[in-house]
> 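To start, I am sharing the structure in question, which I have written as structure tokens.
Protein chains get the first letters and strands the later ones, always in sequence-line order, with residue 1 at the start of each.
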Number of protein chains: 2
Amino acid sequence: MVTVASRIRLEDRECPLSTTVEHVGEWWTLLILHDAFDGYTRFDQFQENLGISSSMLTTRLKTLVTDGLLERRPYQTNPVRHEYVLTDLGRSLRPVIVALAAWGNSRLEPHERSMILVDAESGEEVQPVVVDARTGRRLDDSHAYVFAAGPAASDAMRGRYAHRRPVPVPVAPTAGT
Amino acid sequence: MVTVASRIRLEDRECPLSTTVEHVGEWWTLLILHDAFDGYTRFDQFQENLGISSSMLTTRLKTLVTDGLLERRPYQTNPVRHEYVLTDLGRSLRPVIVALAAWGNSRLEPHERSMILVDAESGEEVQPVVVDARTGRRLDDSHAYVFAAGPAASDAMRGRYAHRRPVPVPVAPTAGT
DNA sequence: CAGTATCCTGTCCGATACTG
DNA sequence: CAGTATCGGACAGGATACTG
């Protein structure tokens, strides 16, 4: 019953991963959001920063507004002009963007990084990591945390996690390749 | 000169966000990775869990192996059979998956969640948040942290962050919609 | 400046059929 | 069981042209 219903039918999936991907799955969506986090609000700013075609930008902005991630509001009235600002919901995606960017950076030496996250006051680079809010422990790649069926899990989802064997995450013996 | 070169040319982008999206941008890629984190390693397991077509699964697995996120290795030899296990690089994507799933869950009441991340021993649900590893402070939607040009930033990237105005993240006055 | 409309291409993806 | 090969549809996205 989702309106857009992207190419694979994710509506009938209950995985929260799919839910998120459904909203930010299009490449440009993420990049536009990133622009928004950088303080940009206007059509031409997005267009210039991203090099996106105007037609695509129109489409993506509409989706973002429809999804409630951006709010479109007039900022002048003679010829009416709109700007696009993050909603609370949109802002809540920040950790996702940060995590995504952090992974990209993690594959580079510090001096190779072209975009970093910094403390707004000190200007010092921050190291984004994902932790458990209660314990502060890193979730990283440790085996200490696993996905599991939640309260609202369907039978299918429960079946998925029925396997739960002793070895949670099989890994390749050596590094990559 | 990237081999796959997905539809929009991301190779010429230096944004770490784009880099990540280039690797996990395809819907199935993320979901396959998620399966791998859940301990699944075999073709038919992926296929059954995800409901993906075999041809697509083949393609995606190949990409994942090529990208160094999964390793394909034989687990039996009479008829040779392969399994797909996470490499170190692949495992390093876990925080990204977790962050993505966490956002999906954040939009639901706890009792509505069908998939959660739990402590493997206690079984207690964990609350994934993104923090600065050095200070432990949450990166959330606060204005305390902003993206900035890194050491390797191109002129374009520097230009992008030259604006840095007093208000880092414009927000909608009220909540959403 | 801030878009909309139209055409076109690439490719993601499912469906189906086939193989050792 | 673990895939490969091929077909076709849907749609993201670029390019271009047009509007107030």
> Between C:dC13, D:dG14, C:dA2, which nucleotide has the shortest distance from any of its atoms to the side chain of A:Arg42?
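Among C:dC13, D:dG14, C:dA2, the one nearest the side chain of A:Arg42 is C:dA2.
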> What residues form a side-chain contact (heavy atoms from CB on, under 4.5 Å) with A:Ser55, not counting sequence neighbours?
A:Ser53
> For nucleotides 17-20 of chain C, which of its nitrogen or oxygen atoms have a protein nitrogen or oxygen under 3.5 Å away, and what is each distance?
from: C:dG20; atom 1: N2; to: B:Arg81; atom 2: NH2; distance (Å): 3.4

> Does anything in residues 106-130 of chain A form a salt bridge (charged side-chain N to carboxylate O under 4.0 Å, His left out)? List the pairs, not counting sequence neighbours.
A:Arg113-A:Glu125, A:Glu124-B:Arg134
> Assess the side chains of B:Tyr145 and A:Arg94: does a donor N or O sit below 3.5 Å from an acceptor N or O?
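Judged by distance alone, the side chains do not pair up.
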> Output the rounded distance in Å from CD (B:Glu83) to P (D:dG3).
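Atom CD in B:Glu83 sits about 11 Å away from atom P in D:dG3.
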> Can you label the angle between the B:His34 ring and the A:Phe147 ring as parallel, tilted or perpendicular, going by 30° and 60°?
perpendicular
> Could you check how far NZ of B:Lys62 sits from P of C:dC12, rounded to whole Å?
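Between P of C:dC12 and NZ of B:Lys62: 14 Å.
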> Mark yes or no for a side-chain to base donor-acceptor pair under 3.5 Å between A:Ser55 and D:dA15, with no hydrogen or angle criteria applied.
yes
> What is the separation between atom CD on A:Gln47 and atom C1' on C:dA2, rounded to the nearest whole Å?
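The answer, rounded to whole Å, is 9 Å.
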> Would you mind listing the cluster partners of B:Tyr75? Hydrophobic ones only (ILVMFWY), side-chain contacts under 4.5 Å, chaining allowed.
none
> Would you mind reading off the distance between B:Glu48 atom CD and D:dG3 atom P, rounded to a whole angstrom?
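After rounding, the gap between these two atoms is 16 Å.
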> Mind calculating the distance between CH2 (A:Trp27) and C1' (C:dG10) to the nearest angstrom?
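Atom CH2 in A:Trp27 sits about 13 Å away from atom C1' in C:dG10.
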> Let's test your reading of the model: under 3.5 Å, does the base of D:dA12 pair with the side chain of A:Thr59 as donor and acceptor?
no
> Under the side-chain hydrogen bond (donor to acceptor under 3.5 Å, both in side chains) rule, collect the residues that match up with B:Asp35, sequence neighbours excluded.
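Residues passing side-chain hydrogen bond (donor to acceptor under 3.5 Å, both in side chains) with B:Asp35: A:Arg160, B:Asn49.
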> With DNA chain C as reference, determine whether B:Arg60 or A:Leu61 sits nearer its 5' end, using the nearest nucleotide of each.
A:Leu61
> Out of C:dG3, D:dG13, D:dG3, which has the shortest distance to the side chain of A:Met56?
D:dG13
> Going by the angle between their ring planes, with limits at 30° and 60°, are A:His23 and B:Trp103 parallel, tilted or perpendicular?
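Because their plane-to-plane angle is over 60°, the rings of A:His23 and B:Trp103 count as perpendicular.
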> Count the heavy atoms belonging to other residues, nucleotides or ligands that lie under 6.0 Å from CD of A:Glu48, then report whether that count exceeds 12.
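No - once you tally the heavy atoms of other residues, nucleotides and ligands closer than 6.0 Å, there are 12 at most.
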> So what stems show up for DNA chain C if we need 3 or more Watson-Crick or G-U pairs in a row, all under 3.5 Å?
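Ordered by first number, the stems with DNA chain C (at least 3 consecutive pairs each) read C:1-20 with D:1-20.
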> Just the rounded figure in Å: distance from P of C:dC12 to CG of B:Leu50.
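Rounded to the whole Å, the gap is 17 Å.
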> So, applying side-chain hydrogen bond (donor to acceptor under 3.5 Å, both in side chains) with B:Tyr84, which one of B:Glu71, B:Arg72, B:Arg42, B:Gln45 is it?
B:Arg72
> Once you round it to whole Å, what is the distance between C1' of C:dC12 and CG of B:Leu31?
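After rounding, the gap between these two atoms is 14 Å.
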> Rounded to the nearest Å, what distance is computed from the NE2 atom of residue A:His82 to the C1' atom of nucleotide C:dA2?
10 Å
